[in-house]
Q: 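Questions regarding the structure given below will be posed in turn.
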Amino acid sequence: MMLSRTFPACRRLLLAAALLLPLPASAHRGWMLPSATVLSGDNSWVTVDAAVSNDLFYFEHVPMGLEGLAITAPDGSRMEAENLARGHYRSTFDIQLKQPGTYRVAVAGDGLMASWRENGQPRRWRGTREAFAREVPAKAEGLRVTLGQRRVEFFATRGKPTDRALQPLNVGLELVPVTHPNDLVAGEPAQFRLLLDGKPAAGLEVSVIAGGRRYRDAEQEMTLKTDPAGLVEVKWQGPGMYWLNASVRDGNSGLPNVERNASYAATLEVLP
Amino acid sequence: MRILPILAAAGLTAAPAAAAELKLTLEIPRLEVAEYHRPYLAIWVERPDQQAAATLAVWYDMGQRNAEGEKWLKDIRQWWRRAGREMRMPVDGVSGATRAPGRHGLTFDAAKGPLSDLPPGSYTLVVEAAREVGGRELLRLPFQWPPAAAQSAQAQGNSELGAVSLDLRP
């Protein structure tokens with residue numbers, strides 16, 4: 001207050017600087033948080049929270065939509081979630097692990113975002129490929145269109161880890177395990193391969209952040225880079241839930257004059 | 001003349017290694033806690049590369065309906081990762097009910113069960129205990145197999161396990 005009254009110009013400058021900074025609003029992260037990832041016994045259930053938030057893993061912003069929820073059972077078949085619900089801060093669902101082995105639980109899909117100017121006014125639009133042709137002018141002042149291709153996932157294993165559900169789909173950005181994602185322990189570095197449209201994503205920046213952010217002062221984000229074969233090695237900071245994230249911006253949207261933003265996020269549990 | 005049948009009998013019943021025996025004494029401490037559950041416990045043999053060579057015993061709550069007790073086997077965390085998740089419970093002669101606080105003696109015969117196909121070498125016997133609403137503790141005792149002479153090893157737990165001792169007889 002003192003500062004603003006004495007130096008109004010300075011205050012304006014501070015405000016401008018604040019707007020330019022990567023504010024938390026730009027760090028909205030999509031994630032799923034499973035109740036367990038390593039399970040024993042025959043009657044195993046996993047309950048899952050899904051949300052978009054700044055801090056990991058806290059429900060503080062909006063629930064994640066589950067329209068693109070796709071669960072792959074160990075034998076490669078698709079299965080349905082149960083008890084889906086949308087709360088104020090988070091969505092939730094249950095899955096029953098009827099088969100032994102590894103499950104892949106993903107929320108994936110794509111959507112288009114467009115911005116342009118109409119009669120001097122900025123316009124923003126968001127929607128499906130189908131609605132795009134209908135609702136966005138083919139030619140407009142400053143038209144910029146991006147295809148967002150997103151995958152948010154986690155893995156859970158009942159009994160012995162298996163690989164069948166982990167086969168890449170060769171669409172967008174994906175993680176292929178070298179170290180099995182349900183065989184992670186704090187003292188052992190893990191290796192993963194990142195693929196973009198089925199090919200190794202070389203030189204890709206991968207960010208890994210431990211959960212429990214509220215109880216420490218710094219993000220302690222690990223920023224890693226994939227090698228020419230798309231491989232990345234993660235040295236865990238300790239046991240816990242981690243969020244691994246990467247994204248790529250390129251022109252491979254398959255649509256003329258449309259950029260693509262492919263993103264990937266996985267929640268990985270590291271045991272002591 | 002009298003010594004002959006004895007020698008013959010010894011030679012016939014089993015190879016020299018067959019007489020070998022691994023004896024384990026372990027203590028489950030009595031804990032003054034409001035909610036006590038007997039620990040889940042696994043005893044297994046580990047190779048120098050930490051891979052499991054044999055699971056000797058797994059104590060868990062076998063009495064529950066629908067094998068509900070198996071839900072918590074993964075809490076014997078290291079055993080679960082090294083061996084348990086590859087096994088189908090229950091296993092005859094290996095699975096057993098949880099045991100009460102006190103000293104427990106177990107004897108494993110080289111001629112039968114999991115030790116019968118253990119190749120000669122250096123091993124570690126691992127005892128891991130995990131208790132519901134309690135902690136987890138793991139103790140390691142090294143040994144040579146088969147024992148050329150009598151061997152023993154001791155370890156002392158400080159939370160979920162008490163004194164553990166291993167005695168091998170050729």
Side-chain angles (χ1 to χ4, degrees), chain A residues 34-48 73-75 94-104 154-166 177-191 234 236 238-242 267-272, chain B residues 37 39-42 44 46 48-52 55 57-91 94-98 124 126 128-140 159-160:
Chain A
S35 58
T37 62
V38 173
L39 298 103
S40 58
D42 292 338
N43 186 25
S44 304
W45 286 80
V46 172
T47 190
V48 185
D75 65 0
D94 295 332
I95 54 172
Q96 187 179 13
L97 312 187
K98 287 182 180 158
Q99 298 172 24
T102 299
Y103 292 72
R104 180 186 204 176
F154 74 91
F155 312 92
T157 297
R158 190 192 117 195
K160 188 182 171 181
T162 58
D163 285 336
R164 177 121 187 231
L166 309 180
V178 177
T179 308
H180 194 286
N182 295 135
D183 196 20
L184 307 175
V185 290
E188 296 177 15
Q191 271 205 335
V234 186
W236 310 107
M241 286 285 187
Y242 285 80
T267 303
L268 299 167
E269 185 174 30
V270 177
L271 293 173
Chain B
H37 303 275
Y40 273 34
L41 189 141
W44 77 99
E46 198 178 78
D49 66 359
Q50 297 200 322
Q51 295 305 301
T55 294
V58 184
W59 299 346
Y60 66 101
D61 194 348
M62 296 176 75
Q64 289 199 35
R65 267 190 305 152
N66 303 325
E68 228 4 71
E70 291 181 21
K71 182 176 173 183
W72 311 107
L73 283 174
K74 48 103 186 153
D75 289 343
I76 318 174
R77 207 149 48 209
Q78 197 150 129
W79 167 77
W80 180 252
R81 183 167 187 243
R82 305 265 192 238
R85 67 189 189 185
E86 314 272 340
M87 295 165 71
R88 181 97 203 132
M89 286 292 163
V91 175
V94 173
S95 319
T98 54
T124 303
V126 193
E128 183 178 12
R131 183 169 53 90
E132 186 181 348
V133 297
R136 186 186 77 104
E137 187 164 35
L138 185 142
L139 294 174
R140 293 191 139 86
S159 56
E160 301 300 331

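Per chain, numbering begins at 1; letters A, B, ... match sequence-line order.
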Q: Just by distance, which donor-acceptor pairs between chain A and chain B come in under 3.5 Å?
A:
residue  : atom : partner : partner atom : Å
A:Ser40  : OG   : B:Glu70 : O            : 2.6
A:Ser40  : OG   : B:Lys71 : O            : 2.9
A:Ser40  : OG   : B:Leu73 : N            : 3.2
A:Ser40  : OG   : B:Lys74 : N            : 3.0
A:Gly41  : N    : B:Glu70 : O            : 3.4
A:Asp42  : OD2  : B:Arg88 : NH2          : 3.4
A:Lys160 : N    : B:Arg85 : O            : 3.3
A:Lys160 : NZ   : B:Glu86 : OE1          : 3.4
A:Asp183 : O    : B:Arg81 : NH2          : 3.3
A:Asp183 : OD1  : B:Arg81 : NE           : 2.5
A:Asp183 : OD1  : B:Arg81 : NH2          : 3.3
A:Asp183 : OD1  : B:Arg85 : NH1          : 3.2
A:Asp183 : OD1  : B:Arg85 : NH2          : 3.3
A:Asp183 : OD2  : B:Arg85 : NH2          : 3.3
A:Glu188 : OE1  : B:Arg81 : NH2          : 3.0
A:Glu188 : OE2  : B:Arg81 : NH1          : 3.2

Q: Quick check: closest heavy atoms across A:Gly238 and A:Ala186, and the distance to 0.1 Å?
A: C-CB, 3.8 Å

Q: Quick one: are A:Val48 and A:Phe154 in side-chain contact, heavy atoms under 4.5 Å?
A: yes

Q: Carefully, step by step, assess A:Tyr242 and A:Val234 under the rule side-chain contact (heavy atoms from CB on, under 4.5 Å).
A: CA-CA 11 Å; A:Tyr242 285 80; A:Val234 186; 6.0 Å; no

Q: Tell me, for A:Pro272 versus chain B, whether the close heavy atoms (under 4.5 Å) come from the side chain, the backbone, both or neither.
A: both

Q: Below 4.5 Å, heavy atoms only, C-beta onward: do A:Leu97 and A:Val46 meet side chain to side chain?
A: yes

Q: Work out which heavy atom in A:Ala165 is nearest to a heavy atom in A:Ala73; give both atom names and the distance.
A: CB-O, 3.6 Å

